[in-house]
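Note sheet for the following structure.
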Amino acid sequence: LKVISRLLDYPSQALFANANELVSAVNEEAYLSVENMGQITGFVRQLTSTDLYDAQEQYDLLFDRGRSLSLLLFEPVHGESRDRGQAMVNLMREYTDHGFDIRSEQLPDYIPLYLEYLSEQDEAYAREWLSDISHILTRLSERLLERKCNYRVLYEALIELSGASVEREKIAQAIRKEQPDDTMEAIDKAWEDKEILFDDP
């Protein structure tokens, strides 16, 4: 979980410099299938063999354009509603109650931070909390499959670690019907100001 947390975070020089350590940690994992272990180690090698700035640009284009691949867990669930704020408060309380010291400017539901937290908990707890978000992880994985993006292997590993049964085909069918939200037209539409209407006196 800690390795996947690092790999889902913004690519850094430290990540690239410690590629061998990441691969070693994955190869020592007892809970992943051989296939997923191989997929992740291949991902690490591919990512860290590219130019760092190119990797960062690709990351920005992937995760920071549109909401469909958001790394914030509660965004696709609650949007900008008040429920999201309460969910944040509840998650922060959970972190605090378990002695998790957050030293990050990211929001509590930032997936790499969430995985970092779970990596410090016992196995049963981590599996339960991964299972709770397995439907979100599956949607993200299917969207990455549509874009033919290798970041998908990280979500597939998380789904396996959760042990959850997901309605893969049902989710995949829904994803295939979605309109892309990472085009310039979609981004402009999302940011355009709503028309302000004034009532007649």
Side-chain angles (χ1 to χ4, degrees), residues 1-19 21-26 29 31-32 36-37 39-48 50 52-53 55-78 84 87-96 98-123 125-144 147 149-162 164:
L1 291 178
K2 189 165 290 189
V3 169
I4 296 175
S5 169
R6 297 289 187 272
L7 294 173
L8 277 174
D9 207 351
Y10 190 71
S12 65
Q13 185 59 55
L15 177 73
F16 277 44
N18 290 281
E21 288 78 1
L22 294 174
V23 169
S24 296
V26 172
E29 174 58 55
Y31 299 104
L32 279 175
N36 274 331
M37 287 171 61
Q39 294 276 8
I40 294 177
T41 56
F43 174 85
V44 173
R45 295 302 188 195
Q46 182 178 4
L47 177 67
T48 57
T50 61
L52 175 60
Y53 295 109
Q56 291 172 339
E57 180 182 22
Q58 177 60 31
Y59 185 94
D60 286 335
L61 291 174
L62 191 62
F63 296 115
D64 293 336
R65 294 182 63 168
R67 291 183 173 182
S68 62
L69 293 177
S70 174
L71 289 168
L72 300 174
L73 284 171
F74 298 147
E75 187 169 55
V77 178
H78 299 300
R84 184 181 180 191
M88 293 279 198
V89 171
N90 294 342
L91 185 55
M92 279 293 296
R93 184 180 298 118
E94 192 75 17
Y95 288 166
T96 302
H98 285 77
F100 183 60
D101 184 18
I102 299 179
R103 298 179 181 178
S104 171
E105 295 180 356
Q106 295 290 348
L107 293 171
D109 64 337
Y110 181 57
I111 293 178
L113 182 62
Y114 185 87
L115 296 177
E116 177 84 15
Y117 165 67
L118 293 185
S119 74
E120 298 183 6
Q121 310 308 313
D122 63 53
E123 178 187 344
Y125 181 98
R127 283 187 185 278
E128 178 183 354
W129 279 62
L130 278 179
S131 180
D132 286 345
I133 63 168
S134 60
H135 59 294
I136 298 175
L137 299 175
T138 304
R139 284 202 296 267
L140 291 169
S141 178
E142 290 299 324
R143 285 170 181 150
L144 288 167
R147 300 192 192 189
C149 179
N150 60 354
Y151 269 91
R152 179 178 189 248
V153 304
L154 304 179
Y155 289 108
E156 286 300 305
L158 292 174
I159 295 166
E160 180 185 9
L161 289 171
S162 77

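In this text the structure is predicted, and so the values were computed from the model without any measurement.
- Using a 4.5 Å heavy-atom threshold, the side chains of Glu29 and Val3 count as separate.
- Leu15 is listed as a side-chain neighbour of Leu7, based on a closest heavy-atom distance under 4.5 Å.
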One pair to check against side-chain contact (heavy atoms from CB on, under 4.5 Å): Arg139 and His135. What are the steps and the verdict? CA-CA 6 Å; Arg139 284 202 296 267; His135 59 294; 3.8 Å; yes
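- A distance-only check finds no donor-acceptor pair linking the side chain of Ser141 to the backbone of Leu137 [under 3.5 Å].
- The distance from the CG atom of Leu130 to the CG atom of Leu115 is 6.5 Å, given to the nearest 0.5 Å.
- A 4.5 Å side-chain heavy-atom check between Leu1 and Tyr117 finds every atom pair outside the cut-off.
- Remark: Ser68 OG to Leu144 CG distance equals 8.5 Å, nearest 0.5 Å.
- The aromatic rings of Tyr125 and His98 sit tilted relative to each other, their planes meeting at an angle between 30° and 60°.
- Considering CG of Asn150 and CZ of Phe43, their distance stands at 5.0 Å, rounded to 0.5 Å.
- Side-chain N or O atoms of Asp109 include one that pairs as donor or acceptor with a backbone N or O of Phe74 at under 3.5 Å.
- Atom CG of Asn18 sits about 10.0 Å away from atom CD of Gln13, to the nearest 0.5 Å.
- With rounding to the nearest 0.5 angstrom, the CE atom of Met92 is 10.0 Å from the CG atom of Leu107.
- Using a 4.5 Å cut-off on side-chain heavy atoms (C-beta onward), Leu91 and Leu73 make no contact.
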Between Ile136 and Tyr155, does the side-chain contact (heavy atoms from CB on, under 4.5 Å) criterion hold? Intermediate values first, please. CA-CA 10 Å; Ile136 298 175; Tyr155 289 108; over 6 Å; no
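- For the pair Glu160 (side chain) and Leu32 (backbone), a donor-acceptor distance under 3.5 Å is absent.
- Listed by chain and residue number, Phe16, Ala55 satisfy the side-chain contact (heavy atoms from CB on, under 4.5 Å) test with Thr50 (two or more places apart in sequence, or in another chain).
- The nearest pair of heavy atoms linking Ser162 to Ser134 is OG-CB, 4.2 Å.
- Side-chain contact between Glu57 and Leu61 is present, with heavy atoms from C-beta onward closer than 4.5 Å.
- Here the closest non-hydrogen pair linking Ile40 and Ala157 is CD1-CB, 3.5 Å.
- Heavy atoms of other residues, nucleotides or ligands lying less than 6.0 angstrom from OH of Tyr31 number 12 at most.
- Once rounded to the nearest 0.5 Å, the distance linking CD of Glu116 with CD of Gln106 reads 12.5 Å.
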Could you go step by step and tell me if Arg143 and Arg152 meet the side-chain contact (heavy atoms from CB on, under 4.5 Å) rule? CA-CA 8 Å; Arg143 285 170 181 150; Arg152 179 178 189 248; over 6 Å; no
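- Annotation: side chain of Tyr10 is not in contact with side chain of Phe63 (no heavy-atom distance under 4.5 Å).
- Between the side chain of Tyr59 and the main chain of Leu8, a donor-acceptor pair closer than 3.5 Å is present.
- Glu156 has its side chain within reach of Ile159: a pair of non-hydrogen atoms, C-beta onward, lies under 4.5 Å apart.
- Shortest non-hydrogen contact noted between Leu62 and Cys149 is CD2-SG, 3.5 Å.
- Taking Glu123 as the reference, Arg127 meet the salt bridge (charged side-chain N to carboxylate O under 4.0 Å, His left out) condition, with sequence neighbours excluded.
- You'll find the side chain of Leu140 reaches within 4.5 Å of the side chain of Ile111, heavy atoms only.
- Closest approach of Tyr95 and Pro108 over heavy atoms only: OH-O, 2.8 Å.
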